[in-house]
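Reading through the structure tokens given below for one structure.
Order of the sequence lines sets the chain letters (A, B, ...), proteins ahead of strands, with each chain counted from 1. On a predicted model such as this, the values are computed, not experimentally measured, just so you know. Worth knowing before you read on, the calculation uses all heavy atoms, side chains too, and leaves out hydrogens, waters and symmetry mates.
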Amino acid sequence: MTRFRGPKGTDDILPPASRVWSRAELTFIELSGVYGYEPAITPIFESTELFARGVGEATEVVDKQMYTFADKAGRSLTLRPEATASVVRAVIQAGGVQGVMKASYWGPMFRYERPQAGRKRQFYQAGVEYLGESAPEADVEVIELGYRFLQEMDVPDVEVALNTIGDPADREAYRAELTAFLQERIDLLSEDAKARMELNPLRVLDSKADVEAVAGAPVPIDHLGPDAFAHFEAVKAGLDRLGIPYRLEPRLVRGLDYYNRTVWEYIPRRYDAAQSAVGGGGRYDQLFELLGGRPTPAVGLAMGIDRIILAMAGSELPRILDLFVVAAGPAWRDEAFAWLSRLRHAGIRADMALGDRSVKAQFKAADRRGARAVAVVGDEWATGAVTVKDLETGTQQVIPIEEITAWIAEH
RNA sequence: GUGGCCGUAGCUCAGUCGGUUAGAGCGCCGGGUUGUGGUCCCGGAGGUCGCGGGUUCGAUUCCCGUCGGCCACCCCA
């Protein structure tokens, strides 16, 4: 009998480790709410064609990393590799954006890759999409939101790598120039890069195998039209005003085809792994039209939760229980359990060890379960009191039962 | 998808130049008399040595395959 294990490239997140994930989710929902975003909940699978068109046939993601399957009616469906195409599809389907829409999401994404730490076949992203707004302040706001999320998650030394890849018309002229440059040095290029030249020459720029060959290559930021140029200047000025540090990275191009103008990534300096980016985003003003909607400017970001948790400054797991109830002996168990129920009704996060266990064992359980305090139900119960102990300071006292809520608030 | 490293208790690992009862630390459970954790002391439970096949009198140890993890490339969050 072979035991079951989770599919390759998937992670199980169990208590108590899941506390960190809860924290990430709550933090993101809270923070994006502060910025005016509300959840958009879309299917976890979509028609394969949506991603092929939206994300781009020429991208690695679509080319070889999709979890594609046929349903019973023979439709080709794909587990979403990212969320933006879905959100945009859903908004178009609902009639398009009236004014602006600010949407957030959280959930699993799927990419068929060779797994590594921080690179799973099922991984989690949280993101926002600012739809219907072309002003550069939208880019600034979204960049700031991601940056603050990383700060609140205690990811140290985050650098924002920033670039602009211009508008489609800018890119067409630039692309010809880049291709000419690459043709001249074709002998120096890796096989990968040669293949890519045809499909998507921009991506040769950030190929690690070709850093020397492309050292003097022309770069998109030097080939901007006046509008894209002004937009990028405004984005930089806005980031400066908000005090968001960034580093210009002229070779940063992103792997999803829908981006234009501003693109960026968040890179924690102290987390040196190949999977270094913990989040990224960009503007995608053409995606609505590409998917059959009205022209709608938009900018968004996605944060890689798995990687953020790997990059977090190691910290102890938070204590999750306000109070742990201890029965001083078997005779007190019924009383203690009934009181536990009342505490929970009052909204106190409380628990106790069930079964017949020594006081010592119950205290140990309280500590292990992450309780901040213990209340002992015993002889003092007859006078309407319990003994409470703060497990972090070790101090202990006898208090009237009805003061328990106030006592917890103080500790 | 390419190349490489690895797979022994819940976790981190030691070990067996192929041989008879496979170890440590941490964790877990219990105890150190009367109602007290995180420190200390004592005791206990817990292992198909990832899985399958081959070589062999005999394999956890050698070989092959497979599954899984990790690293680099690639890709991206």
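The base of B:G3 lies close enough to the side chain of A:R114 for a donor and an acceptor atom to sit less than 3.5 Å apart. For A:D367 and B:G38, a side-chain-to-base donor-acceptor distance below 3.5 Å is absent, hydrogens and geometry of angles not being considered.
When the C1' atom is compared between B:C11 and B:C63, the two are found 31 Å apart, to the nearest whole Å. When the C1' atom is compared between B:A14 and B:A24, the two are found 7 Å apart, to the nearest whole Å. As rounded to the nearest Å, B:A9 and B:G65 have P atoms that lie 24 Å from one another. Comparing B:C49 with B:G10, their C1' atoms sit 16 Å apart, to the nearest whole Å. Straight-line distance between the P atoms of B:C42 and B:U33: roughly 16 Å, to the nearest whole Å. Across the C1' atoms, B:C13 and B:A22 are found 14 Å apart, a figure rounded to whole Å.
Closest to the side chain of A:P115, out of B:A77, B:G37, B:G69, is B:G69. Here the nucleotide nearest the side chain of A:A117, chosen from B:A77, B:G37, B:C71, is B:C71. Checked against B:A77, B:G35, B:C74, the side chain of A:V376 finds its nearest nucleotide in B:G35. When each of B:C28, B:G32, B:G35 is scored by its nearest atom to the side-chain atoms of A:A328, the top-ranked nucleotide is B:G35.
Side-chain N/O atoms of A:S358 include one lying less than 4.0 angstrom from OP1 or OP2 on B:G31. Distances shorter than 4.0 Å separate none of the side-chain N or O atoms of A:K64 from OP1 or OP2 on B:G1. Checking the phosphate oxygens (OP1, OP2) of B:G30, a side-chain nitrogen or oxygen of A:R357 falls inside 4.0 Å. OP1 or OP2 of B:A72 has at least one side-chain nitrogen or oxygen of A:Q116 nearer than 4.0 Å.
To the nearest 0.5 Å, the span separating CG on A:L162 from CD1 on A:I221 amounts to 7.5 Å. For the atom pair CG (A:N163) and CG (A:L248), the distance works out to 7.5 Å, reported to the nearest 0.5 Å.
Counting non-hydrogen atoms under 4.0 angstrom, A:K8 reaches the backbone sugars and phosphates but no base. Residue contacts shown for A:R203 are limited to sugar-phosphate atoms, with no base heavy atom under 4.0 Å away. A:G281 comes within contact range of no nucleotide atom at all, as no heavy-atom separation falls under 4.0 Å. Using a 4.0 Å heavy-atom distance criterion, A:R368 is classed as a sugar-phosphate-only contact. When heavy atoms are screened at a 4.0 angstrom cut-off, A:E113 is found touching base atoms of the nucleic acid. Looking at heavy-atom distances under 4.0 Å, A:D306 makes no contact with the nucleic acid at all.
Within residues 388-406 of chain A, the residues having any heavy atom under 4.0 Å from RNA chain B are, by residue number, A:K389, A:L391, A:E392, A:G394, A:Q396.
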Encoded 5' to 3' (Watson-Crick or G-U under 3.5 Å; [ ] crossing; | other strand), RNA chain B becomes (((((((..((((.....[...)))).(((((.......))))).....(((((..]....))))))))))))....

